[in-house]
Amino acid sequence: MSAPVGGDHLVRPDREWFARDSVELAPLLLGAVLAHETDEGRVAVRLAEVEAYRGVGEDPGSHGFRGMTARNAVMFGEGGHLYAYFTYGMHVCINIVAGWAGRSAGVLLRGGTIVEGVELARARRGRSTDRDLARGPARLAQALGVPLARNGADLLAPPFELRVPAAALPHETGPRTGISGAGGAVDYPWRFWLPGDPGVSVYRRHPRSH
């Protein structure tokens with residue numbers, strides 16, 4: 001891992017930094033800044049809320065729980081890559097792959113605050129308050145301008161840039177939001193957030209969570 005960038009106590013992670021359990025990786029991403037460059041310009045978000053997902057046979061809330069498919073194959077690759085998927089057939093959500101090749105784990109980016117390119121993020125999000133530009137996983141992906149076609153992209157290379165805190169920030173943890181069945185239960189307190197941060201989304205318990 002490199003030295004802090006710009007004196008802001010953020011560092012550029014290397015590939016090995018992601019080679020850890022997703023539940024360990026998730027809180028380390030709080031306070032990280034993820035930037036995406038497009039022809040329109042550059043937008044960066046400071047992460048305030050994430051959720052960890054494990055893999056085959058371990059985590060009933062995970063896309064990888066029942067094994068590899070065409071949709072989730074990126075989760076089975078090496079860490080530090082982007083796993084993007086459609087939800088409700090219309091919204092893109094983005095994850096950071098965790099662990100090692102074959103492990104099928106990831107961290108969903110649930111919410112944050114735009115810290116660069118706010119005008120472009122506003123244009124992408126339409127009628128939205130600045131607080132809500134990236135407050136929620138679909139909003140975050142839209143504000144960054146990340147399409148489904150970026151699935152599998154390396155977050156350590158252009159058009160992305162990722163910088164992470166040199167040390168974990170104080171955070172809280174609880175059940176994941178909007179997950180049905182056992183995966184949404186208190187047995188899986190794998191949602192992590194920065195208390196009091198405006199980029200944290202509203203917690204919604206799924207009515208069919210156990």
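Numbering starts at 1 and runs along the sequence shown.
Scanning for side-chain hydrogen bond (donor to acceptor under 3.5 Å, both in side chains) contacts around T173 gives an empty result, with sequence neighbours left out. For A105, the side-chain contact (heavy atoms from CB on, under 4.5 Å) partners are S22, A98, R103, not counting sequence neighbours.
For the 3.5 Å distance criterion, the side chains of S201 and R110 qualify, holding a donor opposite an acceptor. If you check the side chains of T129 and R122, you find no donor sitting under 3.5 Å from an acceptor.
F86 is not listed as a side-chain neighbour of R71, based on a closest heavy-atom distance of 4.5 Å or more. Proximity of L144 to V45: side-chain heavy atoms (C-beta onward) are separated by under 4.5 Å at one or more points. The shortest side-chain heavy-atom distance between V33 and L162 does not fall under the 4.5 Å cut-off. Side-chain contact between E51 and T177: present, with at least one pair of heavy atoms (C-beta onward) separated by less than 4.5 Å. Residues P198 and T113 have side chains in contact (heavy-atom distance under 4.5 Å, counting atoms from C-beta outward). Looking only at side-chain heavy atoms (C-beta outward), L156 and D14 stay at 4.5 Å or farther from each other. Using a 4.5 Å heavy-atom cutoff, the side chains of Y53 and R176 are in contact. Looking at R191 and Y188, their side chains never come closer than 4.5 Å, going by heavy atoms from C-beta outward.
Using a 4.0 Å cut-off between a side-chain N of Lys or Arg and a carboxylate O of Asp or Glu, E161 and R42 qualify as a salt bridge. A salt bridge does not link R127 with D132: every distance from a Lys NZ or Arg NE/NH1/NH2 to an Asp or Glu carboxylate oxygen is 4.0 Å or more.
Remark: L108 CG to L29 CG distance equals 11.0 Å, nearest 0.5 Å. Here the straight-line distance linking atom CG of D154 with atom CD of E78 works out to 7.0 Å at 0.5 Å rounding. Distance check: L120 CG to R125 CZ gives 12.5 Å after rounding to the nearest 0.5 Å. To the nearest 0.5 Å, atom CD1 of residue I94 and atom NE2 of residue H36 are 9.0 Å apart. Taking CZ of R135 as the reference point, atom CG of L133 lies at 11.5 Å (rounded to 0.5 Å). The structure places CD1 of I114 at 12.0 Å from CD of E119, a figure rounded to the nearest 0.5 Å.
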As a quick check of understanding, evaluate side chain to side chain contact (heavy atoms under 4.5 Å, CB included) for L109 and L47, giving each step before the final call. CA-CA 7 Å; L109 309 186; L47 302 177; 3.8 Å; yes

Between V164 and W17, does the side chain to side chain contact (heavy atoms under 4.5 Å, CB included) criterion hold? Intermediate values first, please. CA-CA 10 Å; V164 302; W17 188 81; 3.7 Å; yes

Working for side chain to side chain contact (heavy atoms under 4.5 Å, CB included), residues Y85 and N151: CA-CA 7 Å; Y85 65 89; N151 184 42; over 6 Å; no

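There is no path of hydrophobic side-chain contacts, each under 4.5 Å, that joins V200 to L28. Under a hydrophobic clustering in which Ile, Leu, Val, Met, Phe, Trp and Tyr are joined whenever their side-chain heavy atoms come within less than 4.5 Å, directly or via other members, V107 and W193 fall into different clusters.
For the pair A138 and H91, the tightest heavy-atom approach, listed with the atom from each and the gap, is CB-CB, 3.6 Å. Closest approach of L194 and P170 over heavy atoms only: CD2-O, 3.5 Å. Scanning both residues, P13 and F18, for their nearest heavy atoms gives CG-CZ, 3.9 Å. Considering all non-hydrogen atoms of both residues, N72 and M68 come closest at OD1-CA, 3.3 Å. Residues A26 and A52 come closest through the heavy atom pair CB-CB, 3.9 Å.
A side-chain donor-acceptor contact under 3.5 Å links D21 to the backbone of V23. In this structure a side-chain-to-backbone donor-acceptor pair under 3.5 Å is missing from R54 to G106. A distance-only check finds no donor-acceptor pair linking the side chain of E172 to the backbone of F192 [under 3.5 Å]. Between the side chain of R124 and the backbone N or O of R139, no donor-acceptor pair lies under 3.5 Å.
In the hydrophobic clustering, where aliphatic and aromatic side chains (Ile, Leu, Val, Met, Phe, Trp, Tyr) are joined below 4.5 Å either directly or transitively, W100 stands alone.
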